[in-house]
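Presented below is the structure to which this report refers.
What you see is a predicted model; the values in this text were computed from it and never measured.
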Amino acid sequence: MEIRRAVQSGDVEQATEMVNELNPEILDRNPTLHFHLLQLHLIELIRHQRIPEALLFAQSELAPRGEENPQFLKELERTMALLAFEMPSLSSSTSTSTAPVVVASAAAGKKGKTIDEVPAMPESISSLLDQSQRLKTATELNAAILTAQSHGKDPKLPGLMKMLVWGETLLNDKGADFPKWDFHDLLKKETNGAGDAMVL
């Protein structure tokens, strides 16, 4: 859970350390996941305007992987395209002022411009900055961890609940008498320290 939280908050370095402490083979056996974690780290460096560090990281960590895999190269190029556009500063995204918003430059040395002067970033590139990108990587990492721990990559509870509902429906259709669970009462009684909420 802490690993997922770290990825969703953008702390990819901490998440990677925790994964390696848990099981160093997870990233070694899954190069696509490893690339996506490195890509997310690069996105976070760019988001926080750490451009020299982002360029060095892309060159040393991602470029060699891109040379080996054309799909990785395509994703790296898309990520590096973030540098070609002006990005809103972190503070301007929460601004409620009606004055023109000044944006920070991704390239060193450029002066800030008003939002009206900046070309729009294409959706295919701006989507990398969405929270959904972090969530996608966190979900992929979670599935790999569950698989490495000999669990299925998907949680079992939803499937069990569907099976329970299916079984109860089948028994109800046949007019069978069977114990029924009232889950709302079960949750209420669990929080109050009471016992079983099974309806007989």
Side-chain angles (χ1 to χ4, degrees), residues 2-20 26-145 153:
E2 289 178 32
I3 296 172
R4 185 181 186 100
R5 205 173 297 129
V7 173
Q8 288 178 329
S9 68
D11 193 351
V12 182
E13 285 179 303
Q14 181 187 2
T16 304
E17 286 175 17
M18 289 190 288
V19 168
N20 285 329
I26 291 174
L27 297 179
D28 291 340
R29 290 183 179 179
N30 195 334
T32 302
L33 170 62
H34 195 191
F35 178 83
H36 287 153
L37 277 172
L38 295 172
Q39 179 189 27
L40 186 60
H41 182 63
L42 177 61
I43 292 167
E44 296 303 325
L45 291 173
I46 294 170
R47 181 192 315 269
H48 294 288
Q49 302 296 314
R50 293 162 56 186
I51 306 308
E53 190 177 342
L55 292 172
L56 184 61
F57 182 78
Q59 185 178 16
S60 63
E61 296 293 331
L62 292 165
R65 287 172 171 81
E67 290 174 2
E68 295 171 8
N69 186 322
Q71 184 59 37
F72 293 169
L73 182 59
K74 185 176 177 182
E75 283 297 308
L76 176 57
E77 289 172 349
R78 188 168 76 111
T79 305
M80 294 304 288
L82 289 168
L83 297 172
F85 295 92
E86 305 282 344
M87 293 199 304
S89 67
L90 296 175
S91 60
S92 68
S93 62
T94 57
S95 174
T96 56
S97 169
T98 56
V101 177
V102 175
V103 294
S105 171
K110 284 190 181 177
K111 294 181 180 178
K113 298 179 180 179
T114 62
I115 199 81
D116 297 331
E117 299 171 17
V118 178
M121 191 182 295
E123 174 65 26
S124 63
I125 297 169
S126 65
S127 64
L128 293 172
L129 298 170
D130 291 344
Q131 181 65 24
S132 62
Q133 182 71 24
R134 290 176 176 175
L135 183 60
K136 183 174 124 184
T137 305
T139 302
E140 184 181 359
L141 179 57
N142 190 54
I145 291 170
K153 66 178 182 176

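- For the atom pair T79 OG1 and L45 CG, the distance stands at 11.5 Å (nearest 0.5 Å).
- The closest side-chain heavy-atom distance from I51 to L55 is below 4.5 Å.
- Summarising the geometry of A81 relative to I125, their closest heavy-atom pair is CB-CD1, 3.5 Å, with the distance given to 0.1 Å.
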Apply the test side-chain contact (heavy atoms from CB on, under 4.5 Å) to residues R47 and L82: give CA-CA distance (whole Å), side-chain angles for both, the deciding distance (0.1 Å), then the verdict.
CA-CA 9 Å; R47 181 192 315 269; L82 289 168; over 6 Å; no

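- The two residues S60 and P64 come nearest to each other via the heavy atoms O-CG, 3.5 Å.
- Atom CD of E2 has 12 or fewer neighbouring heavy atoms from other residues, nucleotides or ligands inside a 6.0 Å radius.
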Intermediate values then yes/no, side-chain contact (heavy atoms from CB on, under 4.5 Å), R134 and V12
CA-CA 9 Å; R134 290 176 176 175; V12 182; over 6 Å; no

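- Atom CD1 of I3 and atom CD1 of I26 lie 7.0 Å apart (nearest 0.5 Å).
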What's the verdict on side-chain contact (heavy atoms from CB on, under 4.5 Å) for D28 and H34, showing C-alpha distance, side-chain angles and the deciding distance?
CA-CA 8 Å; D28 291 340; H34 195 191; 5.5 Å; no

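- A salt bridge links E61 and R65; the closest N-O separation between the charged side-chain nitrogens and carboxylate oxygens is under 4.0 Å.
- Inter-residue side-chain proximity for L62 and E75 is flagged as unmet; no heavy-atom pair is nearer than 4.5 Å.
- In this structure, the side chains of L129 and I46 stay at 4.5 Å or more apart for every pair of heavy atoms.
- The line from CD of E44 to CG of D11 is 9.0 Å long, rounded to the nearest 0.5 Å.
- Counting heavy atoms from C-beta outward, F85 and S126 have side chains that stay 4.5 Å or more apart.
- Note that the CD atom of Q39 and the CG atom of L76 stand 8.0 Å from one another [nearest 0.5 Å].
- Ionic pairing of K74 and E77 is not present here: no N-O contact between side-chain nitrogen and carboxylate oxygen is shorter than 4.0 angstrom.
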Let me see the working for Q8 and L135 under side-chain contact (heavy atoms from CB on, under 4.5 Å), right down to the final yes or no.
CA-CA 6 Å; Q8 288 178 329; L135 183 60; 2.9 Å; yes

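- Between F57 and H41, the ring-plane angle classifies as perpendicular under the 30° and 60° cut-offs.
- Under a 3.5 Å cut-off, the side chain of R78 and the backbone N or O of S124 do form a donor-acceptor pair.
- Taking NE2 of H36 as the reference point, atom CG of L141 lies at 12.0 Å (rounded to 0.5 Å).
- Minimum heavy-atom separation, F35 to F72: CZ-O, 3.3 Å.
- Considering only heavy atoms from C-beta on, L40 comes within 4.5 Å of Q133 through its side chain.
- Two residues are said to be in side-chain contact when any heavy atoms from C-beta on lie closer than 4.5 Å; V7 and N142 fail this criterion.
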